Each structure stands twice: as structure tokens, then as C-alpha cells.
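Counting starts at 1 for both ligands and their atoms, following the listed order. One is the number of the first residue; the rest follow in order along the sequence. In this text, all values refer to a predicted model and were calculated from it rather than measured experimentally.
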Amino acid sequence: MTTTDESRALDEIKIGGLGSSRKRVEDDRFIRGKGNYTDDIVLPGMLHMEILRSPLPHARIKSIDASRAWALPGVHLVLTGEMMATRNLAWMPTLSYDTQAVLATDKVRFQGQEVACVIADDPYIAKDACELIEVDYEPLPPIVNPWQGLAEDAPIIRDDKTGQDSNVIYLWEVGDQAGTDRAFEQADVVSKLELHYPRSHPSPIECCGSVADFNRATSKLTVYMTTQAPHIIRAAVAMVAELPEHMIRIVSPDIGGGFGNKVPVYPGYVCSILASILLERPVKWIEDKTGNLISTGFARDIYLRGEMALRKDGKILGVRMHTDADHGAFFSDAQPSKFKIGLMHSAFAAYDIPAAHLTARGVYTNKAPGGVAYRCSFRVTEAMFFQERMVQAAADDLGMDQAAFRRMNFVRDDDFPHRTPFGFLTDSGQYAKCLDVGLKAIDYENFRIEQAQARKQGRLLGLGISTMTEPLGAGNSREYDILGIKMFDSADLKVHMTGKAILRTGAKTQGQGHETTWAQIVAHELGIPADDVVVEEGDTDTAPFGMGTYASRSTPVAGAAVAMVARKIRAKARKLAAHLLEVSEEDIEWELGRFYVRSAPARGVSIQECAMAAYSNMPDGMEPGLENTAYYDPPNLTWPFAVYIVTVEVDKETGVWDVLRMVAVDDCGVRINPMIVEGQIMGGLTEAYAMASMQFITFDAEGNCVGSNYMDYLLPSAWETPGYELHSEVVTPCPHHPIGAKGIGECAAVGGPAAFVNAVMDALGGTGVRNIDMPVLPDRVWEALTYHRDVSGAPPIRQD
Ligand code: CDP
């Protein structure tokens, strides 16, 4: 850095620009308990809604008698599927071109499915009334995994769909089958692996909810709700409820964690809206924790099978993958419509592999709709997990060092842009450098010596490496759409006459800190201090259109739109500066927050002076004001890269494993706010640790969901969570993003799990155990160690 560069960087830090670890402005209200969540919304005359859920996973509904519920004092309305059907609202479309029952009519298809709703004066009366509704069920055999669903004599779960004569939802494939076959013919060694990535749940602290408020006098419907994508919800409500879109206002206030859970449209939202229209009063629905855990957007639940064609010197020649995904009773994933199994084919994007082929099958089961991307860009978590477990198995089969095998097969720095074996175009990265930083940090060579010595003493140490590159920032609009709506985003910036500004975007923060970081982009582009920029998101009446925040797409898309709109403002401010300085535009130079005359640098005007001129002294013919909107359609996805390395010690007697150290090297391009980035990584690693070590939601043979409360579904507390050593020294700016940033939100949750599992498997090296499926619970490790066998599938349920 030259001295001028350094002083510019310092100036930028002073105003809270790029690279400043500015404190999160939103935390001021959060830590004072002054956040405004959906459940904080109280409107005059508001009623409360509760949902009656099915106790059975699969049953025909013979009758529903709600007369006793109607009779309970304080009850205003009871909604059943039959009533919804008269308004054509018993079923709704999902984000994956399927249909989902709003309230069950013919059958219930999973335990916890919505059967009826009661709207009453308070939530307690509504809950009591739900218990008075009598539903006569005729139980049907439940299907709790894809294999049962695929059996020839399996009952058809979706017999509501004409022509659906099996439980298969889709068959899909991508890649080069013939080329891959040829690679396998040439292989010296073929390495194989089968895995199950268990069903998990995003489990945000705040559950889902809505407050619907239909005003008959104005015909306007306002819905306050927990959604990560307010504009998409507005469109969905317009289409499903056949209401005019301009009369719908969706407000997403503060959100207590989303992680993908708050992307789908849930029956509770639809019912509260209909109830408000029918009753002409505001109706609030707030889900309880069990309701959230048992019925809303699950993730993963996928079986992965694969094989790798290898040359004996370690070169990977080809990969075959097959997935069987358990989607539950309705295919309701949010994912780009072209890709049935999301971006699973991002697997192996960081490796230089000549040929690959992926086949995917989706199956209906009697479980809540699953497959939403829990902190994951459309199935990349499963893709990266499979990739890194497969890579470890292949290196072991070849007898090669884990790090050397990866380094040998990585895409090299000078190979970009690189076409991945499944057809993505990656554009930048320093994969080997990240690995080297990680290996040095963990003291790789010495750990291997220590590990060998420990083994002689009967102690089991292990080291697991996981790398990942993830496609973040969907679209571009050529390839990415949800239900035909192209994936782009926008930002709207208004600079007031005193130089203060308000920025609005179509994204929606759920804790990621957009209010802090978007202002930093404006500060970087315009030199307006970040503290002078207020950021608003989530109100469709004021925010410009956007596809919402999920899949770590905000910085790559909405963040880019923020930079672009600020540049539009700067272009106009330049004209104002030329006018104020009485020179031509061509004679003007820009430095952070100031235009000056090239030949006389002391003569200049600040961005704030330009803002005042936009309202008080604009040149003849110029449109007054200093505001603009930018729509951003990214040319490509952004591809961050990370290396996670974990060391563990496994106790032979009990199977308990402790994390000794965890090193994380993340390259997400330019970091807007390094502190926020580190927070994102630490949160993601903690979720990764939870999935690897303790979390699962499973089902017994009768289809009962085990894991619908925090006694069974575990969240790691500070006590269990290991310490993390974070490294930020590798920065590869994204070549097409206006400020060089790549997404980061999900990286650690995506790449982290394999590092933990690989570490335990490494500790078990030499025992003949090839795989223990997650969660790697102590009893599973003990079983593997004791009986020298793999432990596969979801953990069994105790039957006592
Ligand atoms: O879409 P989502 O906000 O979940 O994910 P993201 O775009 O990866 O951003 C998560 C948070 O990290 C946001 O506050 C970003 O502005 C911030 N971030 C950053 O400071 N630098 C980056 N290179 C990427 C994200």
C-alpha cells in the first residue's frame, strides 16, 4: 500500500466505509429489548388464531365436527379445509410447482399438518377451542423413508394429484454420462461412499407468525409477518387469494433468525389473511416452538451415493453421484426452477475433474415438507458434505495424504475462469493458498507426528479437513428464477438536502446486519459517513422489488445494487459539482466524499454541498433532487472459498469426542465489515458442529416425529461450542461484483460439518470403519469402534 492508499483507507475507516468493523447499528435496539418483531405488533380490535394439527402422519379424514369449538364463548371463526375449499383456498401452490394443503380436506399426510384454525379473542381461548374440534381419522400406513415410499405396494401419498401413480416426485440428471463412464473405464482405483445427511431444522429462535389486517373501507390488506422475501409473498398472496397486488402491503419487521425457515409460504399465513378478510378485524397467528419444529421447512434428509474414478498417482478422473431426497408430503422447497435438486451439482466445483454425472430422485413421504435450504444455497450443504467426505475416502483408498490429495486436484489460481464438471463457471479463488494458511495454523506436520505417537499410547487423535466453494448470489436472471420470477435485486437511495440519506433494498435482514453493512457501501461509494445513512428493508410499500434474503444472496445481489445506485447518485453529484465549481465535468476529479478541480485540487466541493445544490442551486434543465434506484442482475454467481480444519480426540471407552482445535480460513473477497463476517463464520461453524455432533429429527415406525422440542432437538450452548481460530489473510476479490465482495453468510454452516466428521473418521483410521452418519453421537462412535463397522442412517429410536 502506498502512503496515499493508506491514508485513503484510514479516511474510509473513519466514516465507517469498507473494511470498518463498525458496530452493528441494529444491536442498539436489540440489546435494549426494543426490537419490533411480529409478535410485538398489536392492532386495535386484534383477534388471535391457533392451528389444530394432525396427531397422525397418514390418515383419511372421515369427518370434522367443529360445533363445540364454535360454541365456546370468545370464538369468532373456525376454519376447516371444507370452508377453505369453497373459496378455492384449500390448496396452494408451492415454490417448486407442486401443491400443498392449506387445511387438510381429504387426508392428513404428516404428523403436525394443519387441519383447522380457530380465531378467538385471545390465544388461550383459540387453543382451548382447537381441542374441542372432533376429527374422525381412518389411519393409513405411514411412509417414513424413501425406501418405503418406493416399494411396489406402497400407498400413494399424493393421491390428490391426477396421474400420480407412485411416490416419486421427480427424476433429474445433470452432467456427462458418457464421459464419466469413460473416466471409470480408465480408472486405476474406484472409491465408493454412501451417506445419509439427516433431516435437520433451521430452528430460528423466533417462530413463524403473521398479523393480517384487512381494511374493508380502503380494500387494503396489510400483513406483518416473518418472511425473508416480502415481495415474493406479496405476489403469492395476490395470486393465491386473487387480491390486487397494489392493495397488498407486506411488512417484515425485525426477524429473530430465518436461516431459510422463513422463505416458504405457510398455511398459517394464508389462514390469518382469510380470517382477517372474513372478520374485517386484524388477526394474529404466532406459531409455538413445537409447531415450528414439527411442521415448517425442514432441511436435508437426503441419501447420497457416489463413486470416484482415480488414477493411482492421485488424479481424480471422474465422479458419479446419485441422490434420493426425502421431501416429505409436499414438494415445497424454494429453489431455482431449473434445478430439481437445487444446486447439488455445485459439488466438486473447487476440484479440477474432467467428467461427472449426477442423477437425483425425489420421493414423497409422510413427513412435513422438507428440503428447504437451511443456511445453504439450495442444497450446496449436502453437495459440499458429500464432496469432502468422498475426497477423504478417496485419499484414504489411495493411501495418500489428505492435504496433498486435495492440493493436487484443486483448480489452480491461473485456471480461472473455470468450467466445473457440472457446468458452472467459477471465476476466482486461491484454493491452495487457503489450504496452506490452514495447515500452517493447525501445525499440520507436527500434529501428524503427535497423532502417531498418541496412537502408540492407545489414544485416538484425528484431523479433518473440509474445503468448500459455494455458488452464492442467485441469479443471474438468464438461469435463475423462482416460479418464473427472475432472480435480481434492487436498491433505492435518497440523499436529502443536508447530505443525510435513506437507503432501501429488496433484501430482508434476519440478523445478518444489513442496516450496518449497506450504509458502509454507501460510505465507500459516496463518502457520506455510514452514520448518516439509515437503511430500511422489509416493507413492500416503500422498499424496491427484491427476491429476498436467503442463500447468502444479499451481498452479491442487493449489496451490488447498493453500490450501483450510489454510483448513479455520484454521477449526478459530479454534474452538480461542475456547476458549483464553474468548470466542465471532464475537469473534475473524485476522492472520498469530495469533487475537486484537477488543475487546482484545493478548489473542491463536498458530497454534502452537492446534495444541498440538488435542492437549491441546480443547473438549468437539471431535474431537481438527489435520488435514484438501481436494479442489479448479476452476471454470475460469486464463489467464496473456505478451508476448515478440525482436530479431535476420541475416547475409546465411551466414543465421546472432543474438539481440540478448529481453524477456519475464509476467502469471501472484499469484506465490508470484518467483524460481521467473523460473526457469520462463528455462527455457521456452531451450526455445523451441532449438525455433526448432536442434531437430528427422526421418525419412528409409526411416523411420529421425534425432535419436536428442545429436549430432543439439541442446540449447542456456549458450554459445548468449541473455540474457533479464524483467518482472513486470503482475499480474492470477486471480478464481477462492483466492490469485489462474495457472499459469506452460509459458508461455515456449509463446509463445517465435513471437517468435524472427517476428524472423527481420521481418528478411527485403521479400524476398517469407513463411515458414521451424522450426528456422530458417542454411542455410534462406540459401536463403530467396538464392532469395526459403519453406522449408517438416522439414529434409531428407543422403543421402550
Ligand atoms: O444474504 P445474507 O445477508 O444472509 O448473506 P451475505 O450476503 O453473505 O451477508 C451476511 C452479512 O455479512 C451481511 O451483513 C453482509 O453485508 C456481510 N458481508 C460482509 O461484510 N462482507 C462480505 N464480503 C460478505 C458479507
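Scanning all protein heavy atoms for the shortest distance to atom 13 (C) of ligand 1 gives Q512 O, 3.6 Å. The protein heavy atom nearest to atom 15 (C) of ligand 1 is T555 OG1, 3.2 Å. For atom 5 (O) of ligand 1, the closest non-hydrogen atom of the protein is S552 CA, 3.5 Å. In terms of protein heavy-atom proximity, atom 19 (C) of ligand 1 is nearest to V677 CG2, 3.3 Å. With respect to atom 20 (O) of ligand 1, the closest heavy atom belonging to the protein is N673 N, 3.0 Å. Protein heavy atom nearest atom 3 (O) of ligand 1, with residue, atom name and distance: H514 NE2, 2.7 Å.
By the side chain to side chain contact (heavy atoms under 4.5 Å, CB included) test, A630 pairs with M564, V565, K568, sequence neighbours left out.
Taking any N or O of I672, backbone or side chain, at least one lies under 3.5 Å from an N or O belonging to ligand 1. Considering backbone and side-chain atoms together, P556 places no N or O closer than 3.5 Å to any N or O of ligand 1.
With a 6.0 Å cutoff to the six-membered ring centre and a 45° limit on the axis angle, R199 counts as a cation-pi contact of F298.
Heavy-atom proximity to T517, at under 4.0 Å, picks out these atoms of ligand 1: 13 (C), 14 (O), 15 (C), 16 (O). Ligand 1 places these atoms under 4.0 Å from at least one heavy atom of V670: 21 (N), 22 (C), 23 (N). Using a 4.0 Å cut-off to heavy atoms of A741, the atoms of ligand 1 that qualify are 23 (N). Each of the following atoms of ligand 1 lies closer than 4.0 Å to a heavy atom of C668: 23 (N). Listed by number with element, the atoms of ligand 1 under 4.0 angstrom from any heavy atom of G743 are 8 (O). Within the listing of ligand 1, atoms 21 (N), 23 (N) sit less than 4.0 angstrom from a heavy atom of R671. Numbered from 1 in the order shown, with element, the atoms of ligand 1 that lie under 4.0 Å from a heavy atom of T549 read 1 (O), 2 (P), 3 (O), 4 (O). Residue S554 approaches ligand 1 through these ligand atoms, each under 4.0 Å from one of its heavy atoms: 1 (O), 2 (P), 3 (O), 7 (O).
Ring to ring, F378 and F339 are not that close: their centroids are 6.0 angstrom or more apart.
Contact between K742 and T555 at its shortest, heavy atoms only, is O-CG2, 4.5 Å. Taking each heavy atom of M691 and S200 in turn, the nearest pair found is SD-OG, 4.2 Å.
In I676, the part holding a heavy atom less than 4.0 Å from any atom of ligand 1 is the side chain. With a heavy-atom cut-off of 4.0 Å, R553 touches ligand 1 through its backbone alone. The backbone of K742, and not its side chain, has at least one atom closer than 4.0 Å to an atom of ligand 1 (non-hydrogen atoms only; backbone = N, CA, C, O).
No donor-acceptor distance shorter than 3.5 angstrom exists from the side chain of S477 to the backbone of F488, with no hydrogens or angles considered. T549 places a side-chain N or O within donor-acceptor distance of the main-chain N or O of K508, the cut-off being under 3.5 Å. Here the side chain of T469 pairs a donor or acceptor atom with the backbone of P640 at under 3.5 angstrom.
Around the NZ atom of K289, the shell of radius 6.0 Å holds more than 12 heavy atoms that belong to other residues, nucleotides or ligands.
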